[in-house]
Q: 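This is the structure, below, for whatever I ask next.
What's counted below: heavy atoms across the whole structure, side chains too, no hydrogens, waters or symmetry copies.
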Amino acid sequence: VLEDCIMRDMNLTNEQWIELYSDLAMVLADLYGGGLETEVAPNGDRIFTKYSEEKFIEFAGDAEYCLEQLGFVKEGEES
């Protein structure tokens, strides 16, 4: 039944793909990782701590997997 609900070949530009998996990774981090910590870089930018950056990368991989399973396709790649 779930397979009937999954859409196929929803093509996204690279920019859309990055934005979507990044947003989803942040949601996953909030739900399952307690959020991600930031710090102020020497130039004044807010950046992830080293630990949070590593966790974000893990959640980003999970997010990309979810997108692929839901039928999203990154520009230039086949489903």
Q: Find out if a path of hydrophobic residues (ILVMFWY) with successive side-chain heavy-atom gaps under 4.5 Å connects I57 to L31.
A: no
Q: Which ILVMFWY residues can you reach from F56 by hopping between side chains whose heavy atoms are under 4.5 Å apart?
A: M26, L36, F48
Q: Taking side chain to side chain contact (heavy atoms under 4.5 Å, CB included) as the test, write out the residues that go with E58, two or more places apart.
A: K55
Q: Which heavy atom in A41 sits nearest to a heavy atom in I47, and how many Å separate them?
A: CB-CD1, 3.9 Å
Q: Decide yes or no for N11 and E75: does some side-chain heavy atom of the first lie under 4.5 Å from some side-chain heavy atom of the second?
A: no
Q: Could you state the interatomic distance from NZ (K50) to CD (E37), rounded to the nearest 0.5 Å?
A: 15.0 Å
Q: Minimum heavy-atom separation for L70 to M10, with atom names?
A: O-CE, 3.4 Å
Q: Is there a path of hydrophobic side-chain contacts, each under 4.5 Å between heavy atoms, that joins Y65 and L12?
A: no
Q: Distance-only check: which donor-acceptor pairs under 3.5 Å involve side-chain atoms of residues 14-21, not counting sequence neighbours?
A:
residue : atom : partner : partner atom : Å
Q16     : OE1  : T13     : N            : 2.8
Q16     : OE1  : T13     : OG1          : 3.3
W17     : NE1  : E64     : OE2          : 2.6

